[in-house]
Amino acid sequence: MEISGVLITEEKLQNRIKELSKQIEEDYKGEEILALSVLKGATFFTIDLTKHIKNPVSFEFIELSSYGSGTESTGKIILNKDITGKIENKNILIIEDIIDTGITMQYLMEHIKEKNPNSIQVASLLSKPSRRKVEVPIKYCGFEIPNKFVVGYGMDYDEKYRNLPYIGYIE
Ligand code: IMP
Ligand code: MG
């Protein structure tokens, strides 16, 4: 598979991420944030988003999968790696790469709610609204994109292309 084109350039990505950081900083007003990053796709976004936030930020990582090696979700979520720390009474900011059908995020939010945090909000770099099967409240959304399979900036096709500094698409 070859990259068919660039959907979002590195410059556009970085500018938008800085805007989201400022918005988060204003909303949380100096409170501590627990950034819950969804492995592996959200790692690049997690780092760039949080490094501009002046609030105290701590980190947890969780790994879920729904995809096999293709470009279609199987709809079945597997929890590969759970968080290791206590998140009771914390303000959780879930950081995700992309929300497609919404099934992964719905599962994740239910899973996190059971651990009794103080609050849960979602930051997703990308969203494909035309593909949604379940509603997900995305407080901080980087870009709404058309129904294309995207790679780069953390996102993969069969574990490749995660290290691209821009978002490309595959046809
Ligand atoms: P959902 O459960 O259908 O919302 O899918 C969410 C997960 O599927 C994301 O966290 C991604 O890991 C993966 N995914 C969805 N769309 C894409 C895409 O276009 N490129 C790469 N991964 C994707
Ligand atoms: Mg993901």
Side-chain angles (χ1 to χ4, degrees), residues 1-10 12-14 16-17 20-21 24 33-50 59-84 87 92-115 117 120-171:
M1 277 278 198
E2 297 270 313
I3 305 288
S4 309
V6 177
L7 189 65
I8 308 172
T9 62
E10 183 174 7
K12 270 198 180 165
L13 270 181
Q14 294 301 330
R16 179 69 184 130
I17 292 167
L20 291 177
S21 303
I24 291 166
I33 297 169
L34 195 147
L36 173 55
S37 179
V38 185
L39 295 170
K40 305 169 188 162
T43 47
F44 287 63
F45 179 43
T46 299
I47 290 163
D48 285 338
L49 182 72
T50 57
F59 293 86
E60 283 290 340
F61 295 88
I62 194 164
E63 185 172 357
L64 306 161
S65 57
S66 66
Y67 274 58
S69 56
T71 58
E72 275 291 314
S73 173
T74 60
K76 190 176 168 288
I77 311 301
I78 300 158
L79 179 61
N80 295 326
K81 180 205 170 297
D82 203 355
I83 59 171
T84 51
I87 61 167
I92 313 296
L93 180 63
I94 299 178
I95 305 181
E96 177 61 303
D97 51 2
I98 181 165
I99 296 179
D100 186 29
T101 63
I103 293 169
T104 305
M105 188 53 71
Q106 187 185 52
Y107 171 94
L108 179 55
M109 290 185 80
E110 287 307 316
H111 178 72
I112 294 304
K113 267 181 205 157
E114 285 172 10
K115 299 177 192 281
I120 307 177
Q121 297 293 355
V122 175
S124 183
L125 181 63
L126 305 178
S127 171
K128 285 188 211 171
S130 66
R131 295 257 309 160
R132 207 71 92 241
K133 288 192 180 141
V134 292
E135 273 318 302
V136 171
I138 312 177
K139 180 91 183 260
Y140 308 101
C141 179
F143 301 89
E144 290 197 342
I145 62 164
N147 184 17
K148 286 181 186 293
F149 192 80
V150 291
V151 294
Y153 199 68
M155 286 171 286
D156 72 308
Y157 174 74
D158 212 4
E159 294 301 324
K160 289 191 285 284
Y161 306 119
R162 292 194 197 275
N163 60 321
L164 297 176
Y166 58 87
I167 307 279
Y169 62 94
I170 287 177
E171 274 167 356

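Counting starts at 1 for both ligands and their atoms, following the listed order. Here the structure is a predicted model, which means the values were calculated and not measured.
- With hydrogens and angles ignored, the 3.5 Å screen pairs a side-chain donor or acceptor of Ser21 with a backbone N or O of Leu49.
- With hydrogens and angles ignored, the 3.5 Å screen pairs a side-chain donor or acceptor of Arg132 with a backbone N or O of Asp100.
- Using 4.0 Å as the threshold, Leu126 has no heavy atom nearer than that to any atom of ligand 1.
- Assignment of Asp97 to the shell around ligand 1 is supported, since a heavy atom sits closer than 4.0 Å.
- Heavy-atom proximity to atom 9 (C) of ligand 1, evaluated over Ile145, Leu39, Ile98, Ile77, is greatest for Ile98.
- Atoms OG1 and NE2, from Thr104 and His111 in turn, are 13.0 Å apart once rounded to the nearest 0.5 Å.
- Proximity annotation for atom 17 (C) of ligand 1: of Tyr157, Phe149, Tyr107, Phe149 comes nearest, heavy atoms only.
- You'll find the side chain of Leu126 reaches within 4.5 Å of the side chain of Met155, heavy atoms only.
- Near Thr101, meaning under 4.0 Å from any of its heavy atoms, are these atoms of ligand 1: 1 (P), 2 (O), 3 (O), 4 (O).
- Contacts with ligand 1 closer than 4.0 Å are made by no heavy atom of Met105, backbone or side chain.
- For Gly102, the heavy-atom gap to ligand 1 drops under 4.0 angstrom.
- For atom 6 (C) of ligand 1, the nearest non-hydrogen atom from the set Val134, Val151, Thr104 comes from Thr104.
- At a heavy-atom cutoff of 4.0 Å, ligand 1 is contacted by the backbone of Asp156 but not by its side chain.
- Residue contacts with ligand 1 for Glu96 involve side-chain atoms from C-beta outward but no N, CA, C or O (heavy atoms, distance under 4.0 Å).
- In this structure, Arg16 contributes its side chain and Leu125 its backbone to no donor-acceptor pair below 3.5 Å.
- Here NZ of Lys40 is found 13.0 Å from NZ of Lys81. Values are rounded to the nearest 0.5 Å.
- Here the CG-CG distance, from Asn80 to Leu64, works out to 7.0 Å after rounding to the nearest 0.5 Å.
- Proximity to Lys148 (heavy-atom distance under 4.0 Å) selects the following atoms of ligand 1: 19 (O).
- At least one heavy atom of Lys128 sits under 4.0 Å from some atom of ligand 1.
- Closest non-hydrogen pair, Ile8 versus Tyr166, comes out as O-CB, 3.4 Å.
- For ligand 1, the atoms lying closer than 4.0 Å to a non-hydrogen atom of Val150 are 18 (C), 19 (O), 20 (N), 21 (C).
- Under the 3.5 Å distance criterion, the side-chain polar atoms of Lys133 are left unmatched by any main-chain donor or acceptor of Ile103.
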